[in-house]
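Working notes, structure below.
In the text below, chain A, chain B and the rest are named by the order of the sequence lines, each starting its count at 1.
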Amino acid sequence: MTIKDSSGPAGDLRDSVVVRFAGDSGDGMQLTGSQFAVSTALAGRGLSTFPDFPAEIRAPVGTTFGVSAYQINFGSEDVMTAGDAPDVLVAMNPAALKVNIDRIPEGGLILVDTGSFTERNLAKAGFDSNPLEGDELSKFQVIEIDVSKLTLDAVAEFGLGKADALRCKNMWTLGLMLWMFDRERQPITDWLSEKFAKLEAIRESNIAALNAGHAFGETAELSGGLKQYHVKDAKKTPGTYRTVTGAQAIAWGLVAGGQLAELPIFFGSYPITPASSVLHELSALKAFDVQTFQAEDEIAAICSAIGASYAGNVGVTSSSGPGIALKTEAMGLAISAELPLVIVNSQRGGPSTGLPTKTEQSDLYQALYGRNADSPMPVIASRSPSDSFYCAIEAVRLAVKYMTPVILLTDGYIANAAEPWLLPNLNELESFPVSFATSDDIDSDGRFNPLKRDETTLARVWPKPGTAGLEYRTGGIEKAFDTGDISYDPANHQKMSDVRHQKISGIANDIPLQGIEQGNSSGDLVVVGWGSTYGPINQAVHRARQQGLDVAQVHIRHLAPFPSNLGDVLAGYRRVLVPEMNMGQLITALRDKYLVPACPLNKVSGQPFKIQEILDAIHQNVSAQAAE
Amino acid sequence: MNEHVAPEKLTAKDFATDQEVRWCPGCGDYAILKCMQRTLPEIGTPREKTVFISGIGCSSRFPYYMSTYGFHTIHGRAPSVATGVKLANPELDVWVITGDGDGLSIGGNHLMHALRRNVDLNILLFNNEIYGLTKGQYSPTSNVGTRSPSTPFGSVDRSLNPCAFALGAGARFIARTIDTAQKHMPEVFKRAHAHKGASFVEIYQNCIVYNDGVFEEFTNKKTAADEQLLLENGQPMVFGKERTKGLRLNASTLQLEVVTIGDNGVTEDDLLVHDETNATLAQMLITLPRPNFPVILGVIYCDPVPSYDQDVMAQIAQVREKQGKADLNALIRKGRTWEVA
C-alpha cells in the first residue's frame with residue numbers, strides 16, 4: 001500500500017493545536033515558527049515542530065515553489081508528531097495559501113495578510129481570481145487582516161524604509177499568535193533585544209510590530225473570528241527541559257561520547273543539506289576536545305576521519321545519502337583496517353539530488369548493504385531529535401569497543417525539528433574509557449601482532465602512533481590473522497571474513513534486548529518501525545488501543561545487528577505492519593532474517609507520516625486478520 | 001612484560017621491515033626506499049613518531065617496507081588520511097607516498113587541497129609516467145603519443161607537469177630529484193622534512209617493465225651532466241660537464257635562455273642566481289621545455305608560511321583560553337530552559 005500525501009481529518013486533537021506558518025522564503029517564517037516554539041516550550045507545553053522549506057535559498061518572490069512553512073504541534077498530550085492537519089494556517093501571501101490550502105480540514109482557521117493579495121501576487125500563485133472574494137474558502141473560517149498595512153503603521157515612528165518595515169510582518173503575526181494561544185511575549189522581546197542589540201531602529205520596530213499584533217488580538221474581538229485558545233499543560237516528567245534539534249543533539253552526543261571514551265573527537269565533513277547543521281554545531285565547540293575539519297569533498301572528509309582514528313582520535317564524518325555514497329570505498333578501508341569511525345547520515349529524499357530539504361528514510365539499504373564485498377557494519381537509527389543524543393553516544397561506544405565503523409541514521413526531519421528534552425546529568429552516564437595497546441601486547445617472541453583480539457568482542461588492539469615498539473603497517477589489503485602482515489592466503493581470507501562477520505554479529509549480545517513500546521507481547525498486530533516514524537506510529541497505536549484494538553508497537557534502534565530476541569518478539573503476533581518513509585526497506589531485512597510475512601506501509605512524499613494514515617492501515621490489517 | 005628498548009643510534013637497517021619487497025627487479029622504487037632508510041637515521045626522528053601514508057599503486061606499497069607506523073590507504077586519498085593523522089597528532093612526522101596516477105589523476109583534488117592548506121606533510125610523488133600496477137596504461141604525466149594497452153595508437157591528451165601543478169595549488173616547498181641520485185636525494189628529503197608545511201617532492205622514477213628508459217636522455221651517466229641543472233640557493237645556475245653552461249634571463253622576452261660562459265662575452269656574473277623564495281623564478285624553472293633546456297633538480301621553491309596544523313592548534317588554544325574550561329553539562333543548560341516540578 002502506498003499513501004499519497006493528502007490531508008485527512010484533524011482527528012481528536014482537542015488537547016492540542018497545530019499551527020502552520022507559511023509565507024515567502026524571505027518572510028522569516030522559519031524564524032517566526034521557531035520563536036513561537038520557544039515561547040510554547042517555556043510555557044510548559046509539549047511540542048513537536050516540522051520546518052518545511054524549499055531547497056532554493058531565495059526563490060523568486062511570491063511563487064509557489066518559494067513557499068516556506070513551519071508547523072508546530074503543541075498541547076497537553078504527549079506530543080510526538082508535528083500534527084496531521086493544521087488547525088490554524090497563517091498565510092502571508094497567495095502562494096502560501098495555494099500551497100497549503102489542501103492541508104486544512106473543514107472548519108479550520110485561515111489567517112491571511114490581505115495586503116499581499118495583490119493582482120501580481122495572485123497571478124504568480126496561479127489564482128485566476130482572488131480566492132478571498134469567491135466562495136472557494138467558504139468551508140473554512142477565514143480571517144482577513146491587512147498585516148502589511150498594520151505593520152507599516154506600527155513601525156512608522158522608527159523611520160525604517162518600506163522594505164525593512166515590511167520585514168517586521170512576521171513579528172506582527174507572531175504577536176497575534178502569541179495572544180491567540182496565550183503565550184508569553186517576554187522571551188521573544190528578550191531575543192529581539194539580544195539579536196538586534198546594536199541596531200536600534202530594527203530592534204524597536206520588531207518589538208513594536210510584535211506588540212501591535214498582540215494588541216490587535218486583544219482589541220479585535222468585535223471583528224469576529226478571532227478567539228483565544230487556551231491549551232492545557234502537558235504532563236511531563238519533572239526536571240529541567242530545553243528544546244533541542246536533532247543536529248544539536250547529535251553534536252552534543254558526539255562530544256559526550258568522546259568524553260565517555262576519554263578521547264578527542266575529530267569530525268571531518270563536507271557541506272550538504274540537511275546534514276551541515278551538525279558541522280555548524282560542532283565547529284563552535286572548539287573549547288571542548290573536538291576538532292572539526294571542512295574537507296574538500298565527501299571522500300576527503302571520511303578519509304581525514306579515518307586518519308584521525310588511526311592516530312588515536314575518534315574519527316567521525318557526517319553527510320546525507322549522496323555524500324554517503326561517495327564515502328563508501330573509505331568505509332571499506334575502515335572495516336578492513338579495523339578502525340573506529342562514526343558515520344552520520346541525515347537522510348533526505350532521493351535518488352540522486354532528489355529532495356534535499358525533504359525527509360525520507362530510504363538509505364537503509366545503503367547503510368545495511370551498500371558496500372563492495374562482505375563488509376558488515378553496525379547500523380543504528382535515532383527516533384527523534386532528543387534520542388539522537390543517546391544514539392550518538394551509542395555509536396561512539398560501539399565504534400571504539402569493536403574497532404569498527406558505525407553508521408548512525410537520522411533524517412532531515414529529525415535534524416531540523418525541535419522538541420522538548422529532559423536534560424540528563426552527564427556525570428551519571430556510564431563511561432567506556434579506551435585503552436590503547438601497550439608494550440604488554442608484544443608477544444613473547446618480541447613480535448607485535450596489531451590484530452591481537454579480545455576474546456569476547458573479537459575487537460583488535462588499538463595501537464597509537466607515537467608508542468614505541470608497536471610500529472605497525474596496515475591498510476586495505478587482506479591481513480594475516482596471526483601477524484597482521486599482508487596475506488593472499490585463501491584459508492586466511494576465509495578466516496578473516498569469518499572474524500569480521502562474527503565480530504559485528506556478536507554486537508547483538510552487547511545491546512539491549514528488543515522491547516515493546518506499547519501493547520502486549522502477543523496479539524493480532526504489531527506495528528514495527530525505525531527512525532523518525534516513531535512519533536506517528538506511537539500515536540496511531542495509542543489511538544487504536546484506545547479504540548479497543550489488540551495492537552502493539554515495536555521500534556527498532558539497532559538495525560544491524562538486530563537485537564538477539566527480535567525474531568521471538570515478532571513471532572508473538574499474527575500480523576506485522578511495517579510503516580516506512582521509503583518503498584519498503586526494513587521489511588526486506590525482517591523478511592530475510594526472520595521469514596515473517598510482514599505487510600508494508602510506504603510513503604515517499606517528502607512529508608512525515610500522518611497519524612491517521614497509520615491508524616487507517618492498522619484498521620485494515622486488523623480487519624484483514626479477522627477475516628483470515 | 002616486554003620492555004621496549006630503543007637502540008641508541010639507529011641505522012638504515014633499523015628502518016627496514018622483515019617483509020619481502022615485491023617490486024619488479026630493477027624498479028626505481030628500490031633506490032628510493034634504500035635512500036629513505038639511510039636518510040631517516042640522519043633526520044633523527046624516532047620510528048614511533050614517523051608515519052608513512054600511501055594510496056594505491058606500485059609506489060604506495062612503500063609503507064610496508066618501513067619499520068615505522070604506516071598506512072596503505074585507498075586510491076588517491078593518502079593526502080586526506082595524512083591530514084587527519086597530522087591534525088590528530090601534530091607531533092608525528094607524516095610522509096605521504098604517492099605516484100603520478102594516484103596523486104595527480106584519481107587523487108588530484110586531495111593533493112591540491114593538502115598543498116594549498118599547507119598541512120605539514122612531506123609528500124613524495126614517484127613519477128614514472130605510467131600506470132604500473134594495472135599493467136601499463138598511460139598516466140596523466142605520460143608524453144603525448146605514449147603507446148599503452150589503453151592507447152594502442154598513442155595517447156593524444158597533453159600531459160601534466162607535477163611541479164607546476166604544485167606551484168599552482170599554492171605549495172610553499174617544491175623540489176625535484178631522480179631515483180638514481182643517491183647523493184642528491186637524501187639532501188632533498190632532509191630539506192623537505194625541515195620545511196614546516198606541505199613539502200612537495202617529485203621523484204623521476206624509472207618503471208623497468210612498462211616505461212623503461214623514459215628519462216634516459218637526462219639520467220644516462222654519459223650525458224647527465226649536460227642535461228641536468230642542480231639548483232643551489234644563492235648560487236649561479238651553472239651546468240654541463242665542464243661547468244661552462246648556464247641560464248640567463250632574457251629581459252626583452254622575459255624568458256630564460258641557455259648560454260655558454262666565454263661565448264659572446266658571457267661571464268658567470270650574467271647567469272641567474274637561484275633564489276628559492278622567488279615564485280616567479282620557480283614558475284620559469286619548473287616549466288622549462290625539454291630537450292632545449294636542462295632538467296631542473298633540487299629545491300626549486302621554498303618560502304615558508306605557518307602551516308595549517310599550526311594555525312588550527314593556535315585557534316583552538318585561543319578559543320579555549322577565551323572560553324575557559326568546557327563543561328558539557330553547562331553547555332546543554334545554556335539558553336532557554338524551564339523546570340517541570
Side-chain angles (χ1 to χ4, degrees), chain A residues 38 41-42 44 187 236-243 252 255-256 259 264 266 268 285-288 291 293 295-297 299-300 303-308 310-313 315 329-330 333 337 423 425-427 439-440 442 444 446 465-477 485-486, chain B residues 1-4 6 17 19 46-54 56 63-64 66-77 79-89 91-92 109-110 112-113 312 315-316 319-320 322-326 328-329 331-333 335-341:
Chain A
V38 166
L42 291 173
K236 285 273 173 200
T237 311
T240 307
Y241 285 77
R242 67 169 297 140
T243 57
W252 296 340
V255 174
Q259 292 183 350
F266 179 96
L285 301 184
K286 289 197 166 45
F288 291 84
Q291 213 182 134
F293 173 63
E296 59 271 22
D297 63 22
I299 299 170
C303 285
S304 66
I306 290 172
Y310 178 79
N313 283 11
E329 186 197 10
L333 176 65
L423 295 174
N425 181 351
L426 302 178
N427 302 328
S439 51
D440 287 345
I442 298 174
S444 51
T467 313
L470 304 187
E471 297 86 357
Y472 78 110
R473 277 65 56 193
T474 188
I477 296 184
D485 294 337
I486 59 178
Chain B
M1 177 165 167
N2 300 285
E3 266 311 306
H4 176 76
T17 62
Q19 298 295 293
R47 286 178 298 196
E48 68 269 19
K49 293 207 167 156
T50 304
V51 186
F52 280 85
I53 296 174
S54 62
I56 293 291
Y64 290 118
M66 297 296 304
S67 67
T68 62
Y69 282 92
F71 199 177
H72 176 219
T73 70
I74 46 178
H75 207 8
R77 321 303 173 195
S80 310
V81 175
T83 298
V85 170
K86 187 70 187 179
L87 289 174
N89 186 353
E91 287 182 9
L92 299 172
N109 193 32
H110 310 304
M112 170 171 80
H113 288 281
V312 166
Q315 188 181 55
I316 289 174
V319 172
R320 285 184 188 167
K322 198 175 160 199
Q323 298 186 354
K325 193 177 177 314
L328 190 58
N329 259 321
L331 176 75
I332 63 174
R333 283 165 175 79
R336 294 165 182 179
T337 60
W338 67 96
E339 299 291 331
V340 172

For the interface with chain B, which of [options] has the highest count of heavy-atom pairs at distances below 4.5 Å?
{"options": "A:Phe266, A:Trp252, A:Phe288", "answer": "A:Phe288"}
{"options": "A:Gly268, A:Ala256, A:Cys303, A:Ala300", "answer": "A:Cys303"}
{"options": "A:Ala311, A:Gly466, A:Ala330", "answer": "A:Gly466"}
{"options": "A:Val255, A:Ile306, A:Ile299", "answer": "A:Ile299"}
{"options": "A:Thr240, A:Leu285, A:Thr243, A:Ile486", "answer": "A:Thr240"}
{"options": "A:Asn313, A:Leu333, A:Asn427", "answer": "A:Leu333"}

Check each atom of [X] against the heavy atoms of chain B and say whether the ones under 4.5 Å are side chain, backbone, both or neither.
{"X": "A:Pro264", "result": "neither"}
{"X": "A:Tyr472", "result": "both"}
{"X": "A:Ala305", "result": "neither"}
{"X": "A:Ala337", "result": "side chain"}

| message | For a 4.5 angstrom cut-off between non-hydrogen side-chain atoms, does B:Phe71 reach B:Pro63? | response |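 The answer is no, as the side chains (C-beta and beyond) never meet within the 4.5 Å cut-off.
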| task | Start with the C-alpha distance between B:His72 and A:Arg473, add both sets of side-chain angles, then the distance that settles side-chain hydrogen bond (donor to acceptor under 3.5 Å, both in side chains), and finish with yes or no. | result | CA-CA 8 Å; B:His72 176 219; A:Arg473 277 65 56 193; over 6 Å; no
| A:Thr237 and B:Val340: CA distance, side-chain angles, deciding distance, side chain to side chain contact (heavy atoms under 4.5 Å, CB included) verdict | CA-CA 7 Å; A:Thr237 311; B:Val340 172; over 6 Å; no
Toward chain A, the part of [X] with a non-hydrogen atom under 4.5 Å:
{"X": "B:Met112", "result": "neither"}
{"X": "B:Glu339", "result": "both"}
{"X": "B:Thr68", "result": "backbone"}

Under 3.5 Å, side chain of [X] to main-chain N/O of [Y], donor-acceptor pair present?
{"X": "B:Tyr69", "Y": "A:Thr467", "value": "yes"}
{"X": "A:Gln291", "Y": "B:Leu87", "value": "yes"}
{"X": "B:Lys86", "Y": "B:Leu92", "value": "yes"}
{"X": "B:Arg333", "Y": "B:Leu331", "value": "no"}

I'd like to know which of [options] tops the heavy-atom pair count under 4.5 Å against chain A.
{"options": "B:Thr50, B:Val319, B:Ile56", "result": "B:Val319"}
{"options": "B:Ser80, B:Gly70, B:Ala341, B:Ala326", "result": "B:Gly70"}
{"options": "B:Tyr64, B:Phe52, B:Trp338", "result": "B:Trp338"}

| query | Taking only residues two or more places apart in sequence, or in another chain, which ones meet B:Glu91 in a side chain to side chain contact (heavy atoms under 4.5 Å, CB included)? | reply | B:Lys49, B:Asn89
| remark: Between the CD1 atom in A:Ile477 and the CG atom in A:Asp485, the distance rounded to the nearest 0.5 Å is 11.5 Å
| CE-CD distance between B:Met66 and A:Glu471, expressed to the nearest 0.5 angstrom | 11.5 Å
